[in-house]
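The analysis underlying the following values was restricted to heavy atoms, covering all of them including side chains, and did not include hydrogens, waters or symmetry mates. Just so we're on the same page: letters track the sequence lines, and every chain starts at 1.
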Number of protein chains: 2
Amino acid sequence: MGRKRITPGKVRLTEVAALAGVSPITVSRFFRNPDTVSAGRRLRIESAAKDLGYVPNLAARALASQRTEVIGVLIPSLTNNVFSDVLRGIYDAFEGSRYSIQLANTRYSVLQEERLLRLFLMQKPAGLIVTGVDQTAEGRAITQAADCPVVQIMELGPDPIDMMIGFSHVDACYTAISHLLAQGCRRIGFLGARMDPRVQRRLQGYQNAMKNAGLFDPRLIVTTAVPTSTTMGGNLFSDLMLKAPDIDAVFCANDDLALGVLFECQRRHIAVPEQLAIVGFNDMEFMAAAVPTLTSVRTNRYEMGLRAATMIMDEIEGRPVTERVVDLGFEVMERQSSTMQRSATARPAQADRASGTKW
Amino acid sequence: MGRKRITPGKVRLTEVAALAGVSPITVSRFFRNPDTVSAGRRLRIESAAKDLGYVPNLAARALASQRTEVIGVLIPSLTNNVFSDVLRGIYDAFEGSRYSIQLANTRYSVLQEERLLRLFLMQKPAGLIVTGVDQTAEGRAITQAADCPVVQIMELGPDPIDMMIGFSHVDACYTAISHLLAQGCRRIGFLGARMDPRVQRRLQGYQNAMKNAGLFDPRLIVTTAVPTSTTMGGNLFSDLMLKAPDIDAVFCANDDLALGVLFECQRRHIAVPEQLAIVGFNDMEFMAAAVPTLTSVRTNRYEMGLRAATMIMDEIEGRPVTERVVDLGFEVMERQSSTMQRSATARPAQADRASGTKW
DNA sequence: CAACCGCGTGATAGCGCTGTCAATATCGCT
DNA sequence: AGCGATATTGACAGCGCTATCACGCGGTTG
């Protein structure tokens with residue numbers, strides 16, 4: 001004969017309604033949209049709820065309303081600090097709201113991403129934040145089919161699923177290389193690890209810049225599929241020195257690599273920037289503290305997370321989102337490692353000892 | 001007269017049951033515990049569910065069963081990479097399980113932590129992972145009252161809420177300082193930022209070691225409440241040099257600070273380790289790549305997250321957790337920045353230029 | 001002055017699943 | 001063969017909330 005559950009001092013909508021002298025549905029309305037309830041009842045309900053210590057049951061709400069208040073966030077890595085900045089922005093934006101964040105790690109795999117997308121979507125999330133623009137066709141399709149706001153973050157692309165916020169990695173790298181060219185560098189190496197889609201777009205920007213300058217040489221490019229690390233920066237740089245000992249600058253697809261290159265230069269007594277200029281990407285905090293200070297491309301990661309979250313909430317709550325594709329831009333932070341007063345002649349880096357070491 | 005919702009091709013437990021020729025409750029049992037259903041029906045249900053593309057409705061499950069499958073995780077910071085390693089372990093462990101992780105950021109505030117604890121507990125989570133042992137009394141009480149497994153991570157303490165996994169920060173720092181003393185260092189500085197409870201315990205370990213050696217001097221300690229950063233490492237070191245110019249070693253409460261100190265030494269032409277030994281804490285990846293390589297205290301953060309999650313799952317699923325307090329230990333990774341063959345006489349660091357710089 | 005609108009409110013009937021208990025089938029044993 | 005014990009299975013009645021529709025009421029409209 002069914003369950004005979006005893007629900008002792010449980011506080012439900014009904015209890016609040018009884019105390020406030022209204023119907024349960026009115027209490028429900030009060031919690032979802034106070035404005036639809038007349039002022040008098042509003043006050044009575046409010047105090048009744050407080051007196052009883054009422055806490056809404058989210059599972060019941062989700063079941064009855066057929067939707068959840070979960071925001072799904074898909075990022076490729078939990079270790080890469082680039083994403084922790086974005087995440088902080090997202091969490092800060094949703095802090096105190098009724099939405100809760102469901103975070104998942106795609107590990108840079110589009111297949112994993114599609115699987116997780118599917119997993120999230122079957123729970124009918126209130127919104128979705130996904131990294132990058134390289135979802136599988138299937139993943140795009142099911143995401144588009146789900147009618148919830150979606151923001152793609154970290155980069156820009158021609159065909160947003162819904163909304164988009166990021167910057168052009170191609171342009172960012174192109175600009176960084178242009179800066180090196182303006183400093184008189186001619187043999188500029190490219191170091192990249194992991195080679196996820198965003199790093200590949202940076203490589204594209206590098207190639208564009210070098211080809212435009214008539215300086216492209218495939219031997220200047222050294223990459224690996226292995227995840228990035230400082231140690232890897234040193235290793236990649238060592239490889240590069242074997243392939244192209246005459247380099248006068250290195251662009252690193254991220255700052256960890258750049259730090260590794262700096263250390264390797266110290267090990268090899270290569271003067272930075274006199275013999276070799278270094279430029280990184282992301283502008284992590286340590287770049288400005290290094291000796292010499294390291295040039296990098298600043299990206300607005302915290303703001304990206306913050307605004308992505310805001311766009312989602314605006315969309316959900318019916319506030320029109322006019323800017324559906326937001327370019328957050330970037331800035332080349334020119335520091336000691338790439339700025340020099342010198343002639344535009346190439347000076348190879350293959351020295352065994354530094355002559356005018358600054359550090 | 002109630003809703004007349006049209007539920008077109010919706011696949012519920014009932015639909016699967018109809019196709020499989022069993023009752024809905026049997027299908028429900030099949031999904032929760034396949035062993036309780038006879039083999040014949042098991043196969044029929046399995047294929048029926050697959051044919052129909054059945055997806056369980058988690059909200060309905062949570063409402064009916066009065067519990068969720070949410071694991072709450074409370075960490076103090078999303079930026080500090082120490083926690084991203086732990087998180088990675090936690091996410092890896094729960095990957096593919098039925099549990100979903102709810103992450104929240106206490107921002108190093110016990111009040112925030114208590115608020116979030118309350119927030120989580122009212123949703124009846126399946127488990128809870130909290131950072132550290134310094135919850136408010138109120139926070140401890142409500143957490144203990146909730147009957148779900150709880151793991152405190154990152155450190156150890158005398159009175160676990162439920163389970164605990166970490167290591168002794170006091171011992172770890174004591175051991176690191178002992179290493180420096182064994183190397184002949186006498187005037188060992190302590191640099192700390194943020195000064196959260198764990199850093200304070202490291203300071204305690206430092207004080208114990210220095211007092212035991214009869215070398216304690218409060219002027220050797222420089223701390224700040226500001227969050228840690230590489231730049232801050234340089235700043236704190238500069239302060240220390242003003243207060244105690246005769247230091248021959250610096251212990252940094254984390255690796256960012258240590259890197260900042262290294263850079264500041266390069267700026268000031270102080271030879272490491274000849275004039276100044278440096279030891280960090282956490283053993284981030286870059287420590288082994290620096291020039292000179294930097295000594296640090298390795299902690300098993302990934303494993304900590306992994307095992308905390310495993311303990312939670314074991315507890316939930318009725319597998320007895322015998323080791324309810326796990327000491328993961330630590331290891332002093334002795335590297336160039338703190339190892340030297342030299343006499344035990346103090347050599348002050350206040351040089352203006354390096355004589356035998358290695359880098 | 002009837003028709004109409006919109007606001008605030010309430011009654012009703014689920015949302016899709018599981019706890020509880022009863023019923024039946026299966027088995028081992030005396 | 002008879003009996004209790006053990007696995008399987010099912011019926012029923014909610015879990016706590018919200019979608020939907022209905023209604024009353026004051027104010028506008030033609």
Side-chain angles (χ1 to χ4, degrees), chain A residues 1-45 48-49 52-69 98 122-124 126, chain B residues 1-45 48-49 52-69 98 122-124 126:
Chain A
M1 288 134 231
R3 66 185 84 184
K4 288 184 189 101
R5 294 177 199 169
I6 38 154
T7 46
K10 186 159 287 186
V11 182
R12 307 191 310 273
L13 225 40
T14 316
E15 277 69 47
V16 178
L19 184 61
V22 298
S23 75
I25 187 68
T26 303
V27 181
S28 168
R29 276 196 268 262
F30 166 79
F31 279 106
R32 284 176 293 158
N33 198 348
D35 302 334
T36 59
V37 176
S38 63
R41 287 164 199 249
R42 201 150 55 209
L43 291 173
R44 292 220 307 282
I45 294 171
L52 295 169
Y54 171 70
V55 174
N57 181 320
L58 299 179
R61 175 178 293 178
L63 178 59
S65 67
Q66 303 276 60
R67 56 204 165 67
T68 62
E69 284 169 352
R98 62 212 179 99
M122 62 176 57
Q123 323 225 19
K124 306 207 170 118
Chain B
M1 295 138 221
R3 65 183 86 185
K4 288 182 188 104
R5 294 175 200 172
I6 38 155
T7 47
K10 185 158 285 185
V11 181
R12 308 190 310 273
L13 225 38
T14 317
E15 277 69 47
V16 178
L19 183 61
V22 298
S23 76
I25 187 71
T26 305
V27 181
S28 168
R29 275 195 269 263
F30 166 78
F31 280 107
R32 283 176 293 160
N33 199 349
D35 301 335
T36 58
V37 176
S38 63
R41 287 164 199 250
R42 199 151 54 210
L43 290 173
R44 292 219 307 281
I45 294 170
L52 296 170
Y54 170 71
V55 174
N57 181 320
L58 299 178
R61 177 177 291 176
L63 177 60
S65 67
Q66 303 275 60
R67 57 205 165 69
T68 62
E69 284 168 351
R98 61 212 179 98
M122 63 175 57
Q123 324 227 16
K124 307 205 171 130

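Going from atom CG of A/Leu58 over to atom C1' of D/dG16 covers 11 Å, rounded to whole Å. Atom CZ of B/Arg44 is separated from atom C1' of D/dT8 by 13 Å (rounded to the nearest Å). The interatomic distance linking A/Leu63 (CG) with D/dC15 (C1') rounds to 9 Å, in whole Å. Residue A/Ile25 contributes atom CD1, which lies 11 Å from atom P of D/dT20 at whole-angstrom precision. Atom CG in B/Asn33 sits about 15 Å away from atom C1' in D/dT9, given to the nearest Å. Following rounding to the nearest Å, B/Arg42 (CZ) and D/dT8 (C1') show an atom-to-atom distance of 12 Å. A/Leu13 places its CG atom 15 Å from the C1' atom of C/dA11, with the value rounded to the nearest Å. As rounded to whole Å, 20 Å separates atom P of C/dC7 from atom CZ of A/Phe30.
Side-chain proximity of A/Thr26 to the nucleotides D/dC17, C/dT9, D/dG10 is greatest for C/dT9. Set against D/dT18, D/dG10, D/dG16, the side chain of B/Arg29 has D/dG10 as its closest nucleotide. In the set D/dC17, C/dC17, D/dA19, D/dA19 carries the atom at the smallest distance from any side-chain atom of A/Arg32. Considering only the side chain of B/Asn57, C/dG16 comes nearest among C/dT18, C/dG16, C/dC15. Taking the side chain of B/Val37 as heavy atoms from C-beta on, and the options D/dT9, C/dG19, D/dG10, the nearest nucleotide is D/dT9. Considering only side-chain atoms of B/Ser28, the nucleotide from C/dG16, D/dG16, C/dT18 that sits closest is C/dT18. Side-chain proximity of A/Arg61 to D/dT18, D/dG10, C/dT18: nearest is D/dT18.
Rotation axes derived from the C1' atoms of the five outermost pairs at either end of the helix from C/dC1-D/dG30 to C/dT30-D/dA1 lie 40° apart, to the nearest 10°.
Closest heavy-atom contact between A/Ile45 and A/Val16: O-CG1, 4.1 Å. Nearest heavy atoms, A/Arg61 versus A/Pro56: NH2-CB, 3.7 Å. In terms of heavy atoms, B/Arg44 sits closest to B/Val22 at NH2-CG1, 3.8 Å. Considering all non-hydrogen atoms of both residues, B/Ala59 and A/Leu63 come closest at CB-N, 3.8 Å. Nearest heavy-atom pair, B/Asn57 versus B/Ala60, reported as atom, atom and distance to 0.1 Å: OD1-N, 2.9 Å. For B/Tyr54 against B/Leu13, the heavy-atom pair with the smallest separation is OH-CD1, 3.3 Å.
Residue-level contact check: B/Arg67 touches the backbone only, with heavy atoms under 4.0 Å from sugar-phosphate atoms and none from bases. Contacts of A/Tyr54 with the nucleic acid, taken as non-hydrogen atoms under 4.0 Å apart, involve only primed sugar atoms and P, OP1 or OP2. Residue B/Pro56 is classed as a sugar-phosphate contact, given heavy-atom separations below 4.0 Å to backbone atoms only.
Residue pairs meeting the salt bridge (charged side-chain N to carboxylate O under 4.0 Å, His left out) criterion with at least one partner in residues 23-34 of chain B, sequence neighbours excluded, are absent.
Taking only side-chain nitrogens and oxygens, A/Gln66 never comes nearer than 4.0 Å to OP1 or OP2 of C/dG14. Contact annotation: A/Ser23 reaches the phosphate of C/dG10 (side-chain N/O to OP1 or OP2, under 4.0 Å).
Between B/Ala60 and B/Thr36, the residue whose closest nucleotide on DNA chain D is further toward the 5' end is B/Thr36.
Open room surrounds CZ on A/Arg67; 12 or fewer heavy atoms of other groups in view lie less than 6.0 Å from it.
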